[in-house]
2 protein chains.
Amino acid sequence: MQWSAPPMTATRRAPRRDAGRPRGAPVAEAVLAATLRELASAGVEGLSVERIAREAEVNKTSIYRRWPTREALVAAALEGVAAQITGQLPDTGSLRGDLLALVGAVSDLVGSPLGRGLLRAALTESAEAAVAALATDQLARGTAGPARAIVARAKARGEWARGARGDMVVHALVGAVIHRAVLEHGALDRRWLGSLVDLMLHGALPRE
Amino acid sequence: MQWSAPPMTATRRAPRRDAGRPRGAPVAEAVLAATLRELASAGVEGLSVERIAREAEVNKTSIYRRWPTREALVAAALEGVAAQITGQLPDTGSLRGDLLALVGAVSDLVGSPLGRGLLRAALTESAEAAVAALATDQLARGTAGPARAIVARAKARGEWARGARGDMVVHALVGAVIHRAVLEHGALDRRWLGSLVDLMLHGALPRE
DNA sequence: GAACGATTGCAACTCATCGTTGCAATCCAA
DNA sequence: TTGGATTGCAACGATGAGTTGCAATCGTTC
C-alpha cells in the first residue's frame, strides 16, 4: 500500500502553538476578569465558559480544571470585589460634599463591567441563590462602610435630622442612581447628581 | 398472513390524549403568563422554551409556531403590562398618603413575578437590547403616569418645594424599594415604607 | 351531515453547546 | 536528567434548541 499522506494515527500538520508552558497566576487573573465582563453582558444564567475562555485567551479545559463548576467560577470572580466598589471616599467637610462623592462613585460603578456584573448577579434567583447571596454581600459590604462613615461625620457636625436613618438615605441615593442609569439608561451628569443630593438633603416638602 | 400486532408502519398503542382540539386564546394566555414567570426566575438569557411549554401545559411546537423567536415571545409577554404595574392609585388627599400608596404598589410589584421579570428583562444588554428597551418602556410608562398625577395634585395643594423635581422623587423612592427588596432581600413592611416616604418629604438635614 | 381550514400534539430530526477525558507538549524544581 | 504540574488540543457523550412531517381534533361553511 502506498501512503502519500502521514500515517493514520495523526497528521500532525500544525507544530502546536504554545501548549504546555504553565503560566499560573496570570491565567487566573485573566479568566476572573473576563468572567466579570461576561457576567455584565450575559448575566449568570447566560454565562458561557467557552466565551470566557476565548476572551481570556485561555483554553476551556484550563478553566474547568481550576473551577469545577460555573458557580465556583462566578464565586471566585466575585470574591473580594467589595473593596473596589466605592474605593476610598474623601472627607469633604460637608454632608453635601460627602454624598456627592458617594453618588459619583456609585454612578461610576454602575457604568463599569464590575458594577453591572454585580447587579445582574445579585438579581439572579432560584438555582443560583448562592451566587446572588455572594453578590449581595459584596455590594452591601462595599457601600455600608462608606455610608456609615459619612453619616457619622454629618452627625458630629450637627448636619443630620433627628429622625433620619442613614442606611435609608444611602438606599434611596444608590437606588435612584441605579434606577436612572440601569433601568432608564439616562445620563448621570453632575447636575443631575447634584439635584438628587439636594433633594435628599432638603426633602420634597416646602420649608414653610 | 396473520397479524397479532399492528402493521409495521406504527404501533399506535396510546390513543392520543388531547391532540388537535384548538383552544386558541387560553393557550396564548397560559404561555405568556408562564413566560413572565420564567423571565423572573431565569432571566432573558436563561429562558427555556421547553420549560415554558411544560409550565403552560402546552406543546413546545405550539409556542414556536405562534412566536417564531424567543425575542418575539418575550416581547409579546411584556406587551401591555404597563397598565398592571401600579394599577389605579387613589387620591388620598395628601402628598404623604399618595406617596405611601405609590411605594406600596411598587413593593407589591417587585414581589411579583411580573415585577421581577420586568426588572431582569430591563437589565439585559447586548444581544437582547430590544427586549431591554421594551421592558424599560413598560416600566417607565407604568410609573410615570401615576407619578405625574401625584406631583400635580401636591403642587395644587401647595405641598411641593419649589426646586424639587417630581421624576427624581419617584426615582429615589422606587430605587430605594428596589435596592431594599431585590438587591438586599430586606423586608418591606409598612413602617419601613413610611420612614422612607417621610425621609423623602423632609430630607436628611435638620429643619434648623 | 360532509368537507375544509385552522390549531394542536407528538415523535423524530439536525445542529450547537456544555462539560469531560485522554494525550502530548512544555515549564519548573529537585 | 527526571518527575510533577500546568496547559493546549481534539474528541466524545449528553443535553437542549429549533424544525419538520404527520395525525387528530375543533369550528365553520356548504
Side-chain angles (χ1 to χ4, degrees), chain A residues 6-32 34-35 38-39 41-76 127-128 131, chain B residues 6-32 34-35 38-39 41-76 127-128 131:
Chain A
M8 52 182 290
T9 53
T11 43
R12 196 124 315 145
R13 52 196 88 100
R16 302 281 176 139
R17 286 191 312 115
D18 58 344
R21 190 179 57 118
R23 41 195 218 269
V27 169
E29 294 172 14
V31 169
L32 296 183
T35 302
E38 173 80 356
L39 223 47
S41 66
V44 176
E45 288 91 348
L47 185 137
S48 161
V49 175
E50 302 212 38
R51 274 200 301 269
I52 294 175
R54 278 196 295 270
E55 182 83 11
E57 296 183 343
V58 162
N59 196 276
K60 176 179 66 164
T61 322
S62 296
I63 298 183
Y64 279 114
R65 277 192 274 248
R66 289 184 184 233
W67 302 278
T69 67
R70 281 157 44 136
E71 193 160 334
L73 175 60
V74 174
E128 321 274 354
V131 167
Chain B
M8 54 180 289
T9 52
T11 43
R12 195 124 314 143
R13 52 197 88 100
R16 304 281 178 140
R17 286 191 313 114
D18 57 346
R21 191 179 57 118
R23 40 197 219 270
V27 169
E29 294 171 15
V31 169
L32 295 182
T35 301
E38 173 80 355
L39 223 47
S41 66
V44 176
E45 289 91 348
L47 186 136
S48 160
V49 175
E50 300 210 42
R51 273 201 301 269
I52 294 175
R54 277 195 296 270
E55 182 83 11
E57 297 183 342
V58 162
N59 197 276
K60 176 178 67 163
T61 322
S62 297
I63 298 183
Y64 279 113
R65 278 193 274 245
R66 290 185 182 230
W67 302 278
T69 66
R70 280 158 43 137
E71 192 161 334
L73 175 60
V74 174
E128 321 272 356
V131 167

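In what follows, chains carry the letters A, B, and so on, assigned in the order in which the sequence lines appear, proteins first and then strands, with residues in each chain numbered from 1.
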Checklist entry - Quick one: B:I63 CD1 to C:dT8 P, roughly how many Å, whole number? => result 11 Å
Next on the checklist: Output the rounded distance in Å from CD (A:E45) to C1' (D:dG16).
Outcome noted: 16 Å
Item to check | Heavy-atom closest pair, residues A:W67 and A:A76 | outcome: NE1-CB, 3.5 Å
Checklist entry - Would you say A:E55 and A:E38 make side-chain contact, with heavy atoms under 4.5 Å? => result no
Item to check | Residues that A:E71 engages under salt bridge (charged side-chain N to carboxylate O under 4.0 Å, His left out), provided they are two or more places apart | outcome: none
Checklist outcome for this item: Separation of D:dG18 atom C1' from B:L73 atom CG, nearest Å, is 13 Å
Next on the checklist: So which atom in B:I52 and which in B:V31 form the shortest heavy-atom distance, rounded to 0.1 Å?
Outcome noted: CG2-O, 3.9 Å
Checklist entry - A:L47 has an atom CG; how far is it from atom P of C:dT17, in whole Å? => result 15 Å
Nucleotides 19-22 of chain C: which of its N/O atoms have a protein N/O under 3.5 Å away?
| unit_1 | atom_1 | unit_2 | atom_2 | d |
| --- | --- | --- | --- | --- |
| C:dG19 | OP2 | A:Y64 | OH | 2.6 |
| C:dG19 | O5' | A:Y64 | OH | 3.3 |
| C:dG19 | N7 | A:K60 | NZ | 3.1 |
| C:dG19 | O6 | A:K60 | NZ | 3.2 |

Checklist entry - Going through the distances and angles, do B:I63 and B:T35 end up as a side chain to side chain contact (heavy atoms under 4.5 Å, CB included)? => result CA-CA 11 Å; B:I63 298 183; B:T35 301; over 6 Å; no
Next on the checklist: What is the distance, to the nearest angstrom, from the CD atom on B:E29 to the C1' atom on C:dT7?
Outcome noted: 16 Å
Checklist entry - Nearest-Å distance, CG (B:N59) to C1' (D:dG18)? => result 13 Å
